[in-house]
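Take a look at the structure set out below.
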Amino acid sequence: MTQLRSIYQLLLDRYGPQHWWPAETPFEMAIGAILTQNTNWPNVEKAIANLRDAAALSSEAICFLPRLDLESLIRPSGFFRQKAERLALFSCYLHDHYQGNLELMLQQPPEPLRRELLTLKGIGPETADSILLYAGGHPSFVVDAYTDRLFSRLGLLAGGENYQDIQAFFMQRLPREAQLFNEFHALIVSHCKQHCRKQPRCSDCPLEKICRFRQLSS
DNA sequence: GGCCAGGACACCA
DNA sequence: TGGTGTCATGGC
């Protein structure tokens with residue numbers, strides 16, 4: 001608990017509040033979560049801008065848009081055929097089950113909601129937790145490649161743990177507060193975009209106090 | 001020109 | 001259950 005809270009505070013002091021997720025509506029947020037799978041965020045922004053310019057940033061529009069048109073609009077985000085299918089499946093699911101209204105879906109309790117999201121093809125644990133946390137305000141900790149990389153290097157994770165184990169590591173040591181989970185994940189991403197390259201060089205890390213955790217725990 | 005990016009899934013042993 | 005290949009664009 002103490003170590004995680006200290007790291008969180010150091011990140012917050014260094015980078016400040018991140019005000020995530022960068023989206024105007026919960027639906028746009030969910031679309032962004034799918035589009036950002038294994039992709040740079042600037043590429044996702046291009047795809048979302050294309051959808052907005054085409055007046056296609058709604059579940060109805062995406063569900064009924066011809067597939068080739070949808071692929072063309074989201075092409076900058078990469079994996080555009082896969083992601084077009086995933087966006088269409090998600091949007092049509094909302095249309096069929098929730099009158100196209102994501103907020104209606106998000107009113108459910110988080111645990112059955114998470115299970116429901118995971119039944120949808122193209123929504124895995126990270127995407128589901130991102131939607132739960134950032135669109136729904138539910139306290140579900142989001143684990144991504146940066147989380148694994150940073151905390152393995154800090155010596156708090158062994159490396160190689162699965163998603164569920166890493167998520168449990170955080171959720172068992174932190175109070176279940178959506179705002180804390182929101183800010184923590186955003187700070188991890190902001191830090192790692194600059195300092196968690198695949199080739200680790202702790203000496204490049206500006207957070208010397210954080211790097212010291214690794215020495216203390218190893 | 002190669003590396004990397006805010007994953008998920010199908011397939012195989 | 002875990003490991004591997006596949007999907008693809010764009011910035012540096």
Side-chain angles (χ1 to χ4, degrees), chain A residues 7-8 11 15 17-23 26-51 53 67-91 93 114-136 138 140-153 157-170 178 180-201 204:
Chain A
I7 291 170
Y8 170 76
L11 289 168
Y15 298 102
Q18 298 298 301
H19 306 295
W20 268 29
W21 185 288
F27 181 74
E28 179 183 329
M29 186 266 120
I31 294 306
I34 294 172
L35 290 175
T36 199
Q37 291 169 357
N38 204 36
T39 300
N40 278 319
W41 182 253
N43 290 0
V44 176
E45 289 184 314
K46 293 184 177 70
I48 290 177
N50 288 344
L51 290 169
D53 292 345
R67 183 61 56 88
L68 290 178
D69 292 347
L70 181 56
E71 289 180 359
S72 176
L73 290 170
I74 67 166
R75 178 180 285 265
S77 72
F79 307 117
F80 58 87
R81 295 187 187 90
Q82 279 189 350
K83 289 177 180 175
E85 180 188 15
R86 293 172 183 181
L87 292 186
L89 284 171
F90 178 66
S91 298
Y93 185 84
R114 187 177 195 272
R115 286 195 295 271
E116 183 177 358
L117 286 167
L118 289 174
T119 66
L120 302 179
K121 184 179 177 184
I123 296 185
E126 181 185 338
T127 306
D129 287 326
S130 295
I131 293 172
L132 282 167
L133 178 62
Y134 289 105
H138 296 295
S140 196
F141 199 89
V142 177
V143 174
D144 62 8
Y146 284 148
T147 312
D148 187 12
R149 193 179 303 166
L150 175 60
F151 286 87
S152 295
R153 288 180 188 172
L157 294 173
E161 291 96 334
N162 62 31
Y163 187 97
Q164 186 178 351
D165 291 340
I166 297 175
Q167 185 183 48
F169 173 80
F170 285 91
L180 172 64
F181 290 179
N182 176 324
E183 199 63 56
F184 207 163
H185 176 244
L187 287 165
I188 290 167
V189 172
S190 292
H191 173 72
C192 285
K193 277 182 174 177
Q194 301 176 51
H195 303 291
C196 299
R197 308 293 294 181
K198 283 193 172 178
Q199 297 298 323
R201 293 188 60 188
D204 288 344

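Numbered from 1 within each chain, the chains take letters A, B, ... in sequence-line order.
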Open item on the list: Any base atoms under 4.0 Å from A:Ile74, or only sugar-phosphate, or nothing? Heavy atoms, all strands.
Closed with: nothing
Open item on the list: Tell me the interatomic distance from A:Glu85, atom CD, to C:dT6, atom P, rounded to whole angstroms.
Closed with: 19 Å
TODO: Rounded to the nearest angstrom, tell me the gap between atom CG in A:Asn162 and atom P in C:dG2.
DONE: 7 Å
Task: A:Lys121 side chain near A:Tyr93 side chain, heavy-atom distance below 4.5 Å - done: no
- [ ] May I ask you to evaluate whether A:Arg149 reaches the phosphate of B:dA5, defined as a side-chain N or O under 4.0 Å from OP1 or OP2?
- [x] yes
TODO: Using the six-membered ring wherever Trp is involved, compare the ring planes of A:Phe181 and A:Phe141 and label them parallel, tilted or perpendicular (cut-offs 30° and 60°).
DONE: perpendicular
Task: Short side-chain N/O contact to C:dT9 OP1/OP2 from A:Arg75, under 4.0 Å - done: yes
Task: Rounded interatomic separation in angstrom, taking NZ from A:Lys193 and P from C:dC12 - done: 13 Å
Open item on the list: Could you tell me how far apart A:Trp41 (CH2) and B:dC4 (C1') are, to the nearest whole angstrom?
Closed with: 18 Å
TODO: Assign A:Thr127 to base, sugar-phosphate, or nothing according to its heavy-atom contacts below 4.0 angstrom with the strands shown.
DONE: sugar-phosphate
TODO: Tell me, with the steps shown, if A:Cys192 and A:Arg149 meet side chain to side chain contact (heavy atoms under 4.5 Å, CB included).
DONE: CA-CA 9 Å; A:Cys192 285; A:Arg149 193 179 303 166; 5.8 Å; no
- [ ] Select from A:Asp144 and A:Gly122 the residue whose nearest nucleotide in DNA chain B is closer to the 5' end of that strand.
- [x] A:Asp144
Open item on the list: Under 4.0 Å from OP1 or OP2 of C:dA8: is there any side-chain N or O of A:Arg81 that close?
Closed with: yes
Task: Separation of atom CD in A:Glu161 from atom P in C:dG2, rounded to whole Å - done: 12 Å
- [ ] Take the protein atom CG of A:Asn50 and the nucleotide atom P of C:dG10, then report the distance between them rounded to whole Å.
- [x] 10 Å
- [ ] Starting from P on C:dG5, measure out to CZ on A:Phe79 and report it in whole angstrom.
- [x] 15 Å
Open item on the list: Students often get this wrong, so: under 4.0 angstrom with heavy atoms, is A:Gly78 touching a base, only sugar-phosphate, or nothing?
Closed with: base
Open item on the list: Taking the P atom in each of B:dA10 and C:dA8, what is the distance between them to the nearest angstrom?
Closed with: 14 Å
Task: Residue met sooner reading DNA chain C from 5', once A:Lys83 and A:Lys46 are mapped to nucleotides - done: A:Lys83
Open item on the list: If you assign each of A:Trp20 and A:Ile123 to its closest nucleotide in DNA chain B, which residue comes earlier from the 5' end?
Closed with: A:Trp20
Open item on the list: For a quick check of understanding: with a heavy-atom distance under 4.0 Å over all strands, which category does A:Ala145 fall into, base, sugar-phosphate or nothing?
Closed with: sugar-phosphate
Task: Sugar-phosphate only, base, or nothing, as touched by A:Pro42 at under 4.0 Å among non-hydrogen atoms - done: nothing
Task: Nearest-nucleotide pick for A:Asn43, side chain only, options being C:dA8, B:dA8, C:dG10 - done: C:dG10
Task: Residue A:Phe80, side-chain heavy atoms: nucleotide from B:dA5, B:dC9, C:dT9 that is nearest - done: C:dT9
Open item on the list: With a 6.0 Å cut-off on the ring centroids, do A:Phe151 and A:Phe169 count as close?
Closed with: no
TODO: Find out whether A:Phe90 and A:Leu117 are in side-chain contact, i.e. whether some heavy atom of one side chain is under 4.5 Å from a heavy atom of the other.
DONE: yes
Task: Atom-pair distance (CD on A:Gln82; P on C:dT6), nearest Å - done: 13 Å
TODO: Start with the C-alpha distance between A:Gln37 and A:Ser77, add both sets of side-chain angles, then the distance that settles side chain to side chain contact (heavy atoms under 4.5 Å, CB included), and finish with yes or no.
DONE: CA-CA 9 Å; A:Gln37 291 169 357; A:Ser77 72; over 6 Å; no
